[in-house]
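Bear in mind that the values here come from a model prediction, so they are computed numbers and not experimental data. Below, each value reflects all heavy atoms present in this structure, side chains not excepted, and no hydrogens, waters or symmetry copies.
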Amino acid sequence: MVLLSFDIEEFDMPFEYGGEISFEEQLEISRRGLIEILALLSKHNAKATFFSTVVFAENNKDLIVQLLEEGHELASHTWFHSKFSVEDLKKSREKLAEMFVTNVSGLRMPRMKKVDCKDVEAAGYTYNSSVNPTFLPGKYNNLGVSRTFFREGKLLQVPASVSPILRIPLFWLSFHNFPLVFYKFLSKAVLKEDNYLNIYFHPWEFAGIKDEKLKLPAFTTKNTGREMVQRFDEYLGWLNKNGFRFGTFQEFERKANV
């Protein structure tokens, strides 16, 4: 099973690098990208899970309704992308469920920040996908975390996928900076070893973000916008051609509970 997921949020990454962007632009860029993503998923009959902040969802209700109608899953990315309090765990889950009349059972923390599993479980979630089990200088060192899904109390932890050897991450930055043929090779290796692949992206990757005022480093903007749409289109086609099936985290969780 291929677990495609997208963190749909306010595009606040420029602030990490001293860039400038208004709140309206943050939402508009992510909205444009989400429209591109939904079109690609529909083209390839691929189901995915969308981890949304409440802020983004409140400002893009039509697209959230659309993704649910098209068979995708809605999960929580907490309330805001730039700030967090423990209370946001329960509040965001309940707010998203109430706004869109859907079962919100999963969490991903913004920027894969650490979160206490007891707090996540107490907030009503049944799974969490907030860990990248690799070493990324300046970000995190999770080499001691299991590569594959595991239980922590009653909570199902589903780390992002990394290669069986060397723990090379298959997250969004890898997709942009590795040759696509190498990314496909790593994907097949993970699927063969683990029998599933958990990879995540963001809508702003599918929009034009090569703007000097954003001050984003080249490794974050490489192969974004139209290039990302084309690469992702090819990648989804390759997954389908090789017979890999797409599923939501809730589907995966049901299988893990069997």
Of all heavy-atom pairs between [X] and [Y], which one has the smallest distance, and what is that distance?
X	Y	value
Pro203	Asp7	CD-O, 3.1 Å
Ile29	Ile209	CG2-CG2, 4.0 Å
Asn240	His44	ND2-O, 2.9 Å
Glu10	His81	OE1-N, 3.0 Å
Leu216	Pro14	CD2-CA, 3.8 Å
His176	Met228	CE1-SD, 3.4 Å

Let me confirm one number: the [atom1]-[atom2] distance from [X] to [Y], rounded to the nearest 0.5 Å.
X	Y	atom1	atom2	result
Arg231	Leu180	CZ	CG	5.0 Å
Phe11	His202	CZ	NE2	10.0 Å
Leu41	Leu67	CG	CG	9.5 Å
Leu4	Thr49	CG	OG1	8.5 Å
Trp204	Glu36	CH2	CD	15.5 Å
Ser146	Glu152	OG	CD	11.0 Å

Using a 6.0 Å cut-off, check whether atom [atom1] of [X] has over 12 heavy atoms from anything other than its own residue.
X	atom1	answer
Lys210	NZ	yes
Tyr17	OH	yes
Asn242	CG	yes
Asn195	CG	no
Lys114	NZ	no

Donor-acceptor side-chain pairing of [X] and [Y] below 3.5 angstrom:
X	Y	value
Asn198	Ser129	yes
Ser174	Tyr183	no
Glu253	Thr126	yes
Asp12	Gln26	no
Gln230	Glu234	no
Ser92	Ser76	yes
Thr134	Asn132	no

Between Glu87 and Lys95, is the closest basic N to carboxylate O distance under 4.0 Å?
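Looking at Lys95 and Glu87, the cut-off is not met.
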Tell me whether Arg93 is salt-bridged to Asp88, with the criterion being a basic N under 4.0 Å from an acidic carboxylate O.
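Looking at Asp88 together with Arg93, the answer is no, because their closest N to O distance does not fall below 4.0 Å.
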Just checking [X] against [Y], ring centres under 6.0 Å apart?
X	Y	answer
Phe6	Tyr200	no
Phe252	Phe149	yes
Phe249	Phe51	yes

With under 30° as parallel and over 60° as perpendicular, where do the rings of Trp238 and Phe244 fit, or are they tilted in between?
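Rings of Trp238 and Phe244: tilted, as their planes differ by 30° to 60°.
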Is the closest side-chain heavy-atom distance between Ile8 and Leu63 below 4.5 Å?
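Side-chain contact under 4.5 Å: no.
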According to a 4.5 Å side-chain heavy-atom criterion applied to Ile, Leu, Val, Met, Phe, Trp and Tyr, with indirect links allowed, do Phe201 and Ile37 form part of one hydrophobic cluster?
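Phe201 and Ile37: one cluster.
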Whether the side chain of His72 engages the backbone of Lys47 through a donor-acceptor N/O pair (distance < 3.5 Å, no angle test) should be reported.
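No, His72 side chain to Lys47 backbone: no donor-acceptor pair under 3.5 Å.
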